[in-house]
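Beneath this line is the structure, given in structure tokens, with notes to follow.
Numbers restart at 1 for each chain; the letters A, B, ... are given by sequence-line order, proteins then strands.
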Amino acid sequence: MTQPGAVTAPQPHVAHQSHHEELGFWRQYVFSVDHKVIGIQYAITGLLFLLFGFSLMMLMRWQLAYPGAALPLVGNLFGEARMPGGTMLPEFYNELGAMHGTIMVFLGVVPLAVGGFGNFVVPLQIGAPDMAFPRLNMASYWFFFLGGVTMLASFFVPGGAAQSGWTSYTPLSVLAGTGQTMWLIGMLFLITSSLLGAVNFITTIIQLRVRGLTFMRFPFFVWTQLVTSFLLLLAFPPLQAAAIMQMMDRVAGTSFFMPSGLVVSGQVLTAAGGGNPLLWQHLFWFLAHPEVYVLILPAMGIVAEVIANNTRKPLWGYRSMVYSLMFLGFMSFLVWAHHMFMTGMGTAMAAFFQTTTMIISIPSVVILTALLISLWGGSIRFNTPMLFALGFLPMFGIGGLTGLPLGFNVSDIPLHDTYYVIGHFHYVVAPGTIFALFAGVYYWYPKATGRKMNETLGKIHFFGSLVCMNVIFMPMFLMGLAGVSRRLFDGGETYAFAQPVLHLNVVSSWGAWILAIFQIPFIFNFFWSIWKGEKTDENPWQATTLEWAAPSPPPHGNFLEPPQAYRGPYEYSVPGAARDYTPQHEA
Amino acid sequence: MEIPYTFEVRRDTGLTNGKIGLWLFLASEVMLFGALFASYILIRTGAPNWPRGDTILNVPLATFNTIVLISSSVTMVMAWASLVRGSFATFRIYMGATILLGFVFLVVKYFEYSHKFHDGLYPSTNNFLAIYFTLTGLHMLHVAGGMALNAWFWGPGAKLWKTNPVWFTNRVEHSGLFWHFVDLVWIFLFPTLYLL
């Protein structure tokens with residue numbers, strides 16, 4: 001546990017001035033301990049990984065839409081070992097699939113939602129000068145960075161990157177090539193990073209909130225980050241344990257996950273045996289189910305902020321949202337095996353886990369309903385962040401509701417290995433979480449830069465993305481219901497039952513490629529607005545929460561003088577008040 | 001820039017940042033070792049036969065090591081208590097003893113490991129040894145980590161005592177909490193692996 005000035009902090013002598021340090025370029029922008037710089041580092045790295053993970057998927061979509069056809073233009077860039085003559089080999093498809101999942105979840109969405117927005121916004125929203133452990137914060141980013149580099153480097157080892165799915169199911173993954181070892185090393189870095197981050201977030205939120213900011217005066221976003229941090233703190237270590245055991249299986253030849261008498265390609269393996277392949281799945285999903293909530297809760301937090309701000313009304317049911325959130329966090333540790341109904345783990349287990357799964361849907365619905373009712377009677381401002389937040393509601397709704405049949409053992413079994421699952425999960429995360437993250441980028445951009453992003457480009461980005469997302473994922477439900485397996489590298493071409501719905505693959509794929517085109521306005525807007533965006537004051541959205549009391553961009557140390565909280569987070573349109581918003585820091 | 005509550009206690013929580021942070025870290029450590037213990041139970045209950053620990057492992061050596069680690073926890077508390085009483089010289093002695101005892105533990109462990117390897121017993125031999133080497137190996141990493149932390153406070157980190165004794169005492173206490181946790185893990189490991 002090290003803090004800045006650990007060695008040289010003479011008690012009375014620490015002058016409280018914001019920029020007494022004259023930091024060089026490296027300390028200020030690269031190895032910075034300022035939570036805002038680290039947040040932006042996380043966010044930009046996360047956005048780049050999202051783009052990279054999306055690119056992997058666009059390659060796969062070619063193979064699914066036109067199986068066996070040579071990929072035009074770029075097909076020859078991938079070498080004879082992966083795409084001879086521009087035609088994708090199954091091994092390369094598996095590589096892309098495993099790494100798409102890994103990158104999107106662990107290197108894209110979570111770093112952006114928690115590392116990026118959490119780091120940048122949470123200390124500001126609680127009125128703190130920085131995170132509780134600034135140097136730990138920096139270490140957290142650099143562990144994440146190392147993890148990312150390891151994952152990217154794994155594409156270049158013999159045999160390529162991991163190919164056993166983002167879930168790395170055993171024993172397949174134990175028998176896989178070097179890329180899988182790299183995957184495990186990368187995960188160890190990422191787990192370390194999220195552990196340091198989680199400790200830091202919880203401590204910061206509990207300790208560094210300013211005077212008057214009681215827990216029930218927290219902006220909902222702070223609550224979501226608090227619960228998310230507990231999930232990261234407690235759910236990741238079992239995956240770490242599992243990764244250590246898988247590493248032992250691969251490197252030291254143990255048999256934690258290797259059953260006795262396993263036959264591969266007609267030969268009995270020589271491993272000692274006696275291991276349990278299902279153990280991996282239990283440990284993996286013990287992390288990965290809470291991880292789903294790590295993906296979705298910060299998104300809900302962002303949407304809540306944006307909705308309260310743009311309806312000019314308090315959130316409807318703030319308290320019930322907070323209690324639902326806590327219950328959600330707790331229950332997320334008790335539902336993991338609904339991912340494993342297909343494994344034959346027994347009916348008693350299945351009954352337990354389908355019951356808890358149905359229970360956990362209740363608080364999610366409470367939060368979504370409260371957000372929906374919050375719109376009622378508001379004079380809504382349809383700016384870009386609000387459009388993305390509004391887009392989130394029905395998209396997450398579709399994702400959530402289509403999840404219910406997957407929570408029941410009976411209906412899960414026919415659906416589980418089909419495209420239906422892909423559709424369900426992506427509705428939650430792509431037009432759900434990622435839309436909320438876009439809302440967050442547009443909403444907090446003025447705080448980070450002092451300028452707004454362009455609204456016209458933002459609207460093109462939103463409407464284009466909204467249409468394309470649905471064009472991509474809606475057909476997957478139809479294909480899934482028709483029984484098309486989600487693991488076929490030819491998209492079901494050789495599968496008789498899939499013939500009537502095969503053309504939907506083409507629809508999905510074109511949706512994905514056009515979606516890429518609609519990201520160009522965003523990328524352009526993101527950089528152009530740094531220099532050319534409309535200049536704003538410190539509170540361009542007339543918002544109430546504390547981050548808007550700091551200058552834009554806030555200096556190192558954030559607030560010119562420490563703020564104090566006098567009221568709840570969303571006092572909009574208070575009867576009798578002169579303006580339609582009453583900031584938290586105003587007495 | 002100064003982070004509040006780095007060494008002074010926040011009144012409504014009654015804690016410093018470091019202490020909360022450390023307890024949270026220990027919670028995650030519980031989950032880490034908890035998952036490994038759970039895996040041990042699952043693999044053992046699924047095994048047709050399972051050796052008793054004392055038929056393979058050296059119980060007297062491990063008993064000795066248990067005593068070593070418990071003693072080191074005592075000296076750790078004494079080191080912290082010396083600082084509370086303002087006696088830096090005694091702190092150095094007790095902290096030195098704590099590090100030394102950790103070192104003794106690792107040396108004994110080294111002999112145990114090399115004896116197993118000499119007998120041709122490797123992690124790949126069977127799942128009992130796999131879990132034994134994994135759990136004790138991970139524990140040894142923690143012991144080494146705790147020793148590094150203590151050595152820092154014994155050596156270069158002790159400069160803080162001169163400028164901010166309260167903060168230094170707190171940090172030694174946190175280091176001690178971690179050390180006790182490492183000790184506690186061994187107290188679970190010893191019966192689980194050697195006696196059951």
Pairwise side-chain contact, Leu24(B) with Phe230(A), heavy-atom cut-off 4.5 Å (strictly under) = yes
Chain A contact via Leu129(B) - side chain, backbone, both or neither, heavy atoms under 4.5 Å | neither
Contacting moiety of Ala47(B), where chain A heavy atoms sit under 4.5 Å | neither
Over all atoms of both residues, closest heavy-atom pair of Pro123(B) and Met248(A) = CB-CE, 4.1 Å
Do Met245(A) and Ser39(B) come close enough that some side-chain heavy atom pair is under 4.5 Å?
-> yes
Output the distance between atom CD1 (Ile20(B)) and atom CD1 (Ile202(A)), rounded to the nearest 0.5 Å.
-> 9.5 Å
Would you call Arg209(A)-Asp12(B) a salt bridge at under 4.0 Å N-O?
-> yes
Would you say the side chain of Thr134(B) lies within less than 4.5 Å of the side chain of Phe256(A), judging by non-hydrogen atoms?
-> yes
Engaged part of Ser175(B) at the chain A interface, taking heavy atoms whose separation is under 4.5 Å = neither
Does Trp154(B) CH2 have over 12 foreign heavy atoms under 6.0 Å away?
-> no
Any sub-3.5 Å donor-acceptor pair from Gln207(A)'s side-chain atoms to Gly18(B)'s backbone N or O?
-> no
Pair count under 4.5 Å, heavy atoms only, with chain B: among Leu208(A), Leu239(A), Leu283(A), Asn276(A), highest is Leu208(A)
Structural part of Leu234(A) lying under 4.5 Å from a heavy atom of chain B = both
Mind ranking Ala271(A), Ala235(A), Ala241(A), Ala198(A) by heavy-atom pairs under 4.5 Å with chain B and telling me who comes out on top?
-> Ala241(A)
Determine whether Asn17(B) and Met131(A) make a side-chain contact, defined as any pair of heavy atoms from C-beta on separated by less than 4.5 Å.
-> no
